2 protein chains.
Amino acid sequence: MKWDELAEESCSMARTLSVIGDRWTLLILRDCFLGVRRFDAFQDRLGVTRGILSDRLKQLTEAGVLKKIAYQDRPPRHEYKLTAKGLDLYPVVLSIVHWGDRHMAGDAGRPVLHRHQSCGHLFDPVLSCSECGDPLRPQEVDVLPGPGRTDDRHLPVTARRSG
Amino acid sequence: MKWDELAEESCSMARTLSVIGDRWTLLILRDCFLGVRRFDAFQDRLGVTRGILSDRLKQLTEAGVLKKIAYQDRPPRHEYKLTAKGLDLYPVVLSIVHWGDRHMAGDAGRPVLHRHQSCGHLFDPVLSCSECGDPLRPQEVDVLPGPGRTDDRHLPVTARRSG
DNA sequence: CTGAGTCGGTTCTGAAATCGAACTTAATTT
DNA sequence: AAATTAAGTTCGATTTCAGAACCGACTCAG
């Protein structure tokens, strides 16, 4: 399967991965959320080759996750900023960071801490139910066919016993 | 930068991506959460080549995300199951799916729906603060150096003005 | 007891992606 | 005039991936 075929799958995960399912892309997004905006700044921080960086920034821009904003005209220069669509990736990024904090931090502890401005506390992110507010656990979630389903390859195995 | 170097970075995101930062790995994990357990079942559902699948399952097992469990002896056969460490990736997987639901679903709507058993409602996942319970927004989160930090390449740009 | 099928892989070759380094273009600074 | 900055592009060498065939241990049907 190729990257552009991924986007056609009847699965929201596959479609999302067609945009962000690459390690450099996700590291670029991490830096975006940390306030990095310029080509050379990404390159210095990430250590990625310029060719790859150029390609990934173009893809993210075409996908509507980043937008190019000019900050001077002669010579033309611009910076990359997260769109609303890109800002919506915050839960993805923070969930990934949090798993690393819990399971990949060495004895020295986690490399960064997060503080919630509105309550003032250091916190961990928790994924919870929009309806009742309780934390979500995989055993307590049913996966059902939705209106946009075109095949049942991505339903749970327990829901496909008829075939 | 190579994959094994990623694991040494002073950044929880980079460390996590050294384990799951690959599109096939994440699709394998999606299927794990949907109840897929066996090599050929993964191969049928994903359309991945057997060589890649073999490699990724080995990596996930070595990383402690999956464990091999024998279900018969002659010939030796086993299945792959999520460990506790693997189950902790649920917020990552669900956040990715949810972003796809919001931003990549076509006119037909999302391919699958999620129902929370304990409250009975169809829901969206929300990332919230462990301390006050409010939804987290990137503008309201401060990133601070933690005890395990070994350099400041992964701090926000605003926290590095001294250098 | 032969032949097909199952399961969990490995091996092979050509195609594609990535790496590192150098080069380009337009403008400013020394 | 020469160096520097910013945002890329280009190029050859290396690495990874895709697609297909093959393998080994066993079971089952005839």
Side-chain angles (χ1 to χ4, degrees), chain A residues 1-9 14 17-28 31-32 35-62 66-81 157 163, chain B residues 1-9 14 17-28 31-32 35-62 66-81 157 163:
Chain A
M1 199 190 304
K2 287 147 198 163
W3 284 97
D4 50 338
E5 293 178 90
L6 254 192
E8 309 301 321
E9 291 256 316
L17 294 181
S18 75
V19 177
I20 63 159
D22 168 87
R23 96 182 135 131
W24 290 122
T25 302
L26 282 162
L27 289 170
I28 289 167
D31 273 3
C32 288
V36 178
R37 303 260 179 278
R38 298 189 183 178
F39 192 93
D40 278 18
F42 286 113
Q43 215 260 316
D44 289 347
R45 289 172 60 107
L46 297 176
V48 63
T49 65
R50 304 178 77 78
I52 297 291
L53 179 58
S54 175
D55 176 75
R56 296 300 188 278
L57 289 171
K58 191 189 310 179
Q59 281 181 225
L60 285 171
T61 304
E62 285 169 1
L66 299 180
K67 60 192 165 195
K68 286 170 83 162
I69 303 206
Y71 66 87
Q72 70 178 38
D73 288 335
R74 284 178 309 281
R77 292 285 182 267
H78 51 267
E79 45 191 20
Y80 294 90
K81 293 189 72 171
V157 290
Chain B
M1 198 191 305
K2 287 147 197 160
W3 285 99
D4 50 339
E5 292 177 274
L6 254 191
E8 309 302 320
E9 291 257 315
L17 294 182
S18 75
V19 177
I20 63 159
D22 167 87
R23 94 180 136 134
W24 289 122
T25 302
L26 283 161
L27 289 171
I28 289 167
D31 274 3
C32 287
V36 179
R37 303 262 179 277
R38 299 190 182 177
F39 191 94
D40 279 18
F42 286 113
Q43 215 260 318
D44 290 346
R45 289 172 61 106
L46 297 176
V48 64
T49 65
R50 304 178 76 78
I52 298 290
L53 179 59
S54 174
D55 177 75
R56 297 300 188 276
L57 288 171
K58 192 189 311 181
Q59 282 181 227
L60 285 171
T61 304
E62 284 168 2
L66 299 180
K67 59 192 165 192
K68 287 170 81 161
I69 303 206
Y71 65 86
Q72 70 177 37
D73 286 334
R74 282 177 310 279
R77 291 286 182 266
H78 52 269
E79 46 192 17
Y80 294 90
K81 292 190 73 170
V157 290

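Order of the sequence lines sets the chain letters (A, B, ...), proteins ahead of strands, with each chain counted from 1. Just so we're clear, the structure is a prediction, and the values are computed from it rather than from any experiment.
When the P atom of dA16(C) is taken as reference, atom CE of Met1(A) falls 17 Å away, rounded to whole Å. Atom CD of Gln72(A) and atom P of dT29(C) are 10 Å apart (whole Å). Here the P atom of nucleotide dA16(C) and the CD1 atom of Ile52(B) are 15 Å apart, to the nearest Å. Separating the CG atom of Leu46(A) from the P atom of dG20(C) is a distance of 13 Å, rounded to the nearest angstrom.
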*Scan nucleotides 3-14 of chain C nucleotide by nucleotide, 5' to 3', and note B when protein non-hydrogen atoms come under 4.0 Å of the base, S if they reach only the sugar-phosphate, - if neither.*
----BBBB----

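Proximity of Lys68(A) to Tyr80(A): side-chain heavy atoms (C-beta onward) are separated by under 4.5 Å at one or more points. Within the 4.5 Å cutoff, no side-chain heavy atoms of Leu27(A) are placed close to those of Val48(A). When side chains are defined from C-beta on, Phe39(A) counts as touching Leu53(A), because their heavy atoms get closer than 4.5 Å. In this structure, the side chains of Gln59(A) and Leu66(A) stay at 4.5 Å or more apart for every pair of heavy atoms. A 4.5 Å side-chain heavy-atom check between Tyr71(B) and Arg37(B) finds every atom pair outside the cut-off.
Within the nucleic acid shown, Trp24(A) comes within 4.0 Å of sugar-phosphate atoms alone, with no base atom in reach, counting heavy atoms only.
A salt bridge between Arg50(B) and Asp40(B) is present, with a side-chain N of the basic residue lying under 4.0 Å from a carboxylate O of the acidic one.
Along DNA chain D, read 5' to 3', the first and last nucleotides having any atom under 4.0 Å from a heavy atom of chain A are dA6(D) to dG19(D).
For Gln72(A), the side-chain contact (heavy atoms from CB on, under 4.5 Å) partners two or more places apart in sequence, or in a different chain, are Pro75(A), Arg77(A).
Between Arg56(A) and dT18(C), a side-chain N or O to OP1/OP2 separation shorter than 4.0 Å is present.
Atom CG of Asp4(A) has more than 12 neighbouring heavy atoms from other residues, nucleotides or ligands inside a 6.0 Å radius.
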